[in-house]
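Every chain is numbered from 1 and lettered A, B, ... according to where its sequence line falls, protein lines coming before strand lines.
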Amino acid sequence: MRIGSWNVNSVRTRLTQVLAWLEQERPEVLCLQETKVDDERFPAEAFEALGYACAISGQKAYNGVAILSRLPLEDVQIGFSALLPGDAEAERLEEQKRVISAWIDGIRVLNLYVPNGSAVGSDKYGYKLEWLACLRCYLEAQERQGEPLCMLGDFNIGPEDRDLPDPQRLTGGIMASEPERQALRELLGERLHDVFRVFEPGSGHWSWWDYRSGAWERDQGWRIDHIYLCEELLACATGCVIHRATRGQTQPSDHAPVVVHLAWPPDDEEDEQA
DNA sequence: ATGGCTTAACAATTAAGA
């Protein structure tokens with residue numbers, strides 16, 4: 001079983017590339033962020049034609065998340081309120097469409113688009129920290145449900161200096177400030193693990209390259225798109241790959257897909273050879 | 001370089017991303 005995450009920076013602008021990648025890779029699940037389209041205009045038919053069911057939570061122009069699945073897509077939950085009913089903060093944060101989950105083949109797949117935060121100390125930075133605090137509460141409620149969890153998406157945080165191209169210059173700034181990193185560590189707790197780091201401890205592995213300043217040509221990226229697994233799923237992980245070639249295409253997204261390979265369900269012999 | 005590029009919205013510029 002393979003589960004991918006890709007910030008596509010507009011699903012309509014990127015549709016041809018996403019379809020081509022799906023046809024080539026055929027992951028069981030692909031989670032999208034920054035779809036930038038309301039639900040009525042989401043190109044579901046194009047994905048359904050390739051055998052993918054769609055769960056979507058979008059809005060006009062900004063944000064927007066979706067889960068595409070070749071396996072049955074069940075119990076779709078949208079927003080923080082799904083697990084925090086009556087919580088005023090969860091409802092307030094619902095205005096921006098950044099949270100969707102689904103039950104797929106015995107796994108709770110949680111797809112997130114964490115706010116960017118603009119600049120340290122700005123209003124948007126405050127919003128980002130509030131959003132992360134709400135996510136922590138959401139995850140505590142999720143843990144009480146007892147479902148195996150795969151949480152993935154665009155976290156807009158470089159968790160450690162090895163996830164940044166120039167730590168000396170960038171540490172402390174947006175996406176690398178201690179409050180953001182601490183908020184992320186706290187919501188992960190002892191329960192959730194960055195599966196990419198199980199297989200690759202080194203620096204120089206990026207998932208996002210700025211459109212500006214020739215960041216791609218100079219390979220000055222960040223690793224801000226992550227896949228986190230609970231212990232039960234982590235024990236089944238056989239690999240985690242960043243598909244960086246997509247970033248080198250014409251008119252690319254600034255993010256590349258990240259894919260985890262799981263021998264799941266645990267008794268599935270076919271997956272264990274992956 | 002409070003810069004650089006790309007997208008959506010709207011119809012020439014602005015907001016936002018990260």
Side-chain angles (χ1 to χ4, degrees), chain A residues 5-19 31-43 56-66 93 95-99 111-132 135 152-181 183-184 196 203-226 242 244 246-258:
Chain A
S5 174
W6 195 1
N7 180 324
V8 291
N9 185 15
S10 171
V11 70
R12 288 178 295 173
T13 293
R14 223 65 63 201
L15 187 58
T16 304
Q17 288 182 47
V18 178
L19 292 172
C31 295
L32 305 179
Q33 303 89 33
E34 281 209 273
T35 54
K36 294 189 171 182
V37 65
D38 50 31
D39 292 350
E40 293 70 28
R41 291 168 184 78
F42 186 91
I56 58 180
S57 178
Q59 65 185 91
K60 190 175 170 180
Y62 302 116
N63 310 313
V65 284
L93 297 170
E95 197 179 344
Q96 299 184 15
K97 306 306 182 190
R98 299 175 176 276
V99 180
N111 178 22
L112 302 175
Y113 174 45
V114 177
N116 166 272
S118 187
V120 174
S122 66
D123 288 349
K124 286 176 185 168
Y125 181 75
Y127 185 92
K128 183 179 195 173
L129 294 178
E130 289 159 9
W131 196 94
L132 290 167
L135 175 59
L152 78 179
D154 176 1
F155 284 79
N156 271 317
I157 298 172
E160 300 178 62
D161 284 354
R162 59 182 168 168
D163 302 310
L164 284 52
D166 184 353
Q168 191 114 334
R169 180 170 62 91
L170 298 168
T171 298
I174 193 63
M175 303 195 295
S177 71
E178 189 48 31
E180 294 169 77
R181 287 174 162 178
L184 177 57
F196 183 81
S203 187
H205 300 273
W206 320 124
S207 68
W208 170 78
W209 296 258
D210 201 319
Y211 285 127
R212 301 165 296 185
S213 310
W216 169 251
E217 289 74 13
R218 296 185 295 118
D219 198 24
Q220 295 281 293
W222 292 54
R223 196 181 68 88
I224 57 177
D225 300 271
H226 312 144
I242 302 174
R244 57 175 284 140
T246 62
R247 183 61 177 80
Q249 295 177 305
T250 305
Q251 200 181 16
S253 168
D254 45 353
H255 296 253
V258 185

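Side chain of A:Arg12, nearest nucleotide from B:dA18, B:dA9, B:dC5: B:dA9. Nearest to the side-chain atoms of A:Tyr62 among the listed nucleotides B:dA16, B:dA18, B:dT7 stands B:dA16. Between B:dA8, B:dT6, B:dA18, one nucleotide has an atom nearer to the side chain of A:His255 than all others, and that is B:dA18. For A:Ser10, counting side-chain heavy atoms from C-beta on, the closest listed nucleotide (B:dG17, B:dA8, B:dA16) is B:dA8. Among B:dT7, B:dA18, B:dA8, the nucleotide with an atom closest to any side-chain atom of A:Ser118 is B:dA18.
Close to B:dA16, at under 4.0 Å from its OP1 or OP2, lies a side-chain N or O of A:Lys124. For A:Asn9, no side-chain nitrogen or oxygen approaches OP1 or OP2 of B:dC5 to under 4.0 Å.
Using a 4.0 Å heavy-atom cutoff across all strands shown, A:Trp208 reaches sugar-phosphate atoms only and no base atom. Within 4.0 Å (heavy atoms only), A:Arg41 reaches no atom of the nucleic acid at all. Counting non-hydrogen atoms under 4.0 angstrom, A:Asp225 reaches nothing in the nucleic acid.
The side chain to side chain contact (heavy atoms under 4.5 Å, CB included) test applied to A:Asn9 returns A:Asn7, A:Arg14, A:Lys36, A:Tyr211, A:Ser253, A:Asp254, not counting sequence neighbours. For A:Ala176, the side chain to side chain contact (heavy atoms under 4.5 Å, CB included) test picks out A:Leu164, A:Arg181, A:Trp222, with sequence neighbours left out.
Taking atom P in both B:dT13 and B:dT2, one finds a spacing of 25 Å when rounded to whole Å. Nucleotides B:dA1 and B:dA15 are separated by 25 Å at their P atoms, to the nearest Å.
No option in A:Gln33, A:Glu34, A:Arg98 other than A:Glu34 meets the side-chain hydrogen bond (donor to acceptor under 3.5 Å, both in side chains) test with A:Tyr113.
At a threshold of 4.5 Å between non-hydrogen side-chain atoms, the residues A:Leu170 and A:Pro165 count as touching.
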